[in-house]
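Note that this is a predicted model, so its numbers are computed, not measured. Indexing begins at 1, ligand by ligand and atom by atom, following the structure's order.
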Amino acid sequence: MPDHHSTFADLGLKPVVVHALRRSGVESPFPIQAAVVQDALAGSDILGRAPTGSGKTLAFGLPLLQRLSGGSSRPSRPRSVILAPTRELALQIEKALDEAALAFGVRVAAVVGGVPVRRQAERLARGVDVVVATPGRLDDLAARGFVDLSSVTISVVDEADRMADLGFLPQVVSVLDRTDSTGQRMLFSATLDGDVDDLIRRYLRSPVTHTVDVLPIAERTARHHFFRVVGSEKESVVASIASRDGRTMLFVRTKFAVDRLTESLRSVGVNAAGLHGDKTQANRIRTLASFEAGHVPVLVATDVMARGIHVDSVSVVVHVDPPADAKEYTHRAGRTARAGASGVVVTLATESQVPAAVEVATAAGIDAHFVAVTENDPVLVSVVGARRPPGRPVTDPFSATATGTSTAAPGRSRPGRTPGSSRASRRGVAGRRSGRR
Ligand code: ADP
Ligand code: MG
């Protein structure tokens, strides 16, 4: 059993990938990685429970890639499937595994909804070793004969609890049933209960269980602040926080609230963009790319959409609507102070919301002391750098990205081409990746 001083090489990973990791700034394994990698390399079924931000992607991804390296997949017959609950997460997993996959010569492609089926089918026909997919789209492709999953010998279900929350378990089951029943299976989740338990019982054979408990968030460098506001001032308090320098994520409860708050911020000059499930795939990819590139500094999102999104250096997370429970607090807060960076998590509540908000924070292991603030409060200035909004309305969500080059037209089917977002444009949209190897 590796201790926490072990290196990736000690865990059994090949030098070629250890070097690739080092080049991308990943030097030593996080606890969940130190716990999982050896067993996963040995081919055991794995059950991993660890909170958001703990490093699960590489924990399952590195062993998976190493096990597949050296072999090859026949057209439309991948050897591995990684299931993620949302398109964004699938794309982020694909991206997170990019360097390692390249090092191993393993071909990874994302297969997500919102991209033309024919294009994905063509990509699969050219040969893909690992499919990173949302369950609905992959199941659909399989049912229509565009992909044959019977050669899949390593399956991963990531964020299983969120899959259950979103009602995707039937598609997860259908996909797993199409894979080789003697293959290796790994399931990861922040929590293990209810429907997730059923999935585990049905698909994992004497799994090695690894739990990394206590939320890194309580230990992490994030600072947590709790502000009581009067209802009539909440909007201007939010606007002053959103006017700060740096990347800010604002969480609200509903899609409607995302649109409303985004509009209201833009009307006072804050360049904010909204992310929720009713946006088109192209729009969501573009929004994320702009946020990631820093062109749009403020992202307004619902929980579902924001889960697991990895944008580095989000310095402030604001619970504009208080979180419903500790899990939600943690997931939202997990967007900041990632991988050792510092960050501030702000909870806003009106007087009547305070007791519930205290309870939620306490359950998440955070001491909540609410401080009353008014708009233009110096406390907000010192804690998050709040300032008066610019005032002049921002019209086009992506206008700030226009730097002389033409931006992708709305609705264009090749998103991720925001100028300045070289990573996004280099990668293009999922399913189009080819020619890199
Ligand atoms: P989870 O899936 O558990 O929420 P991720 O796998 O997305 O977490 O990793 C969270 C963040 O930590 C990512 O930004 C990732 O690049 C970074 N990370 C993961 N493992 C390491 C490591 N060993 N060293 C440094 N950063 C890491
Ligand atoms: Mg993850």
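For ligand 1 and F8, the ligand atoms under 4.0 Å from any heavy atom of the residue are 23 (N). For ligand 1, the atoms sitting less than 4.0 Å from at least one non-hydrogen atom of V26 are 22 (C), 23 (N), 24 (N), numbered in the order shown with element in parentheses. Close approach of ligand 1 to T57 is summarised as follows: ligand atoms under 4.0 Å from at least one heavy atom of the residue are 2 (O), 5 (P), 6 (O), 7 (O).
Around atom 23 (N) of ligand 1, the closest heavy atom drawn from S28, S24, G48, A96 belongs to S28.
When non-hydrogen atoms are compared, ligand 1 lies under 4.0 Å from the side chain of Q33 (C-beta onward) but not from its backbone.
Assignment of S54 to the shell around ligand 1 is supported, since a heavy atom sits closer than 4.0 Å.
Under a 4.0 Å N-O distance rule, the pair E292/K95 qualifies as a salt bridge. At a threshold of 4.0 Å, the pair R79-D180 does not count as salt-bridged, since none of the basic side-chain nitrogens sits closer than that to a carboxylate oxygen. With respect to the salt-bridge test (charged N to carboxylate O, under 4.0 angstrom), the residues R332 and E328 qualify.
Under the 3.5 Å distance criterion, with hydrogens and angles disregarded, a donor-acceptor pair is assigned to the side chains of T7 and D10. A donor-acceptor pair shorter than 3.5 Å can be found between the side chains of R67 and Q184.
Polar contact check, D158 against ligand 1: no nitrogen or oxygen pair lies under 3.5 Å apart.
Aromatic ring centroids of F227 and F370 lie 6.0 Å or more apart.
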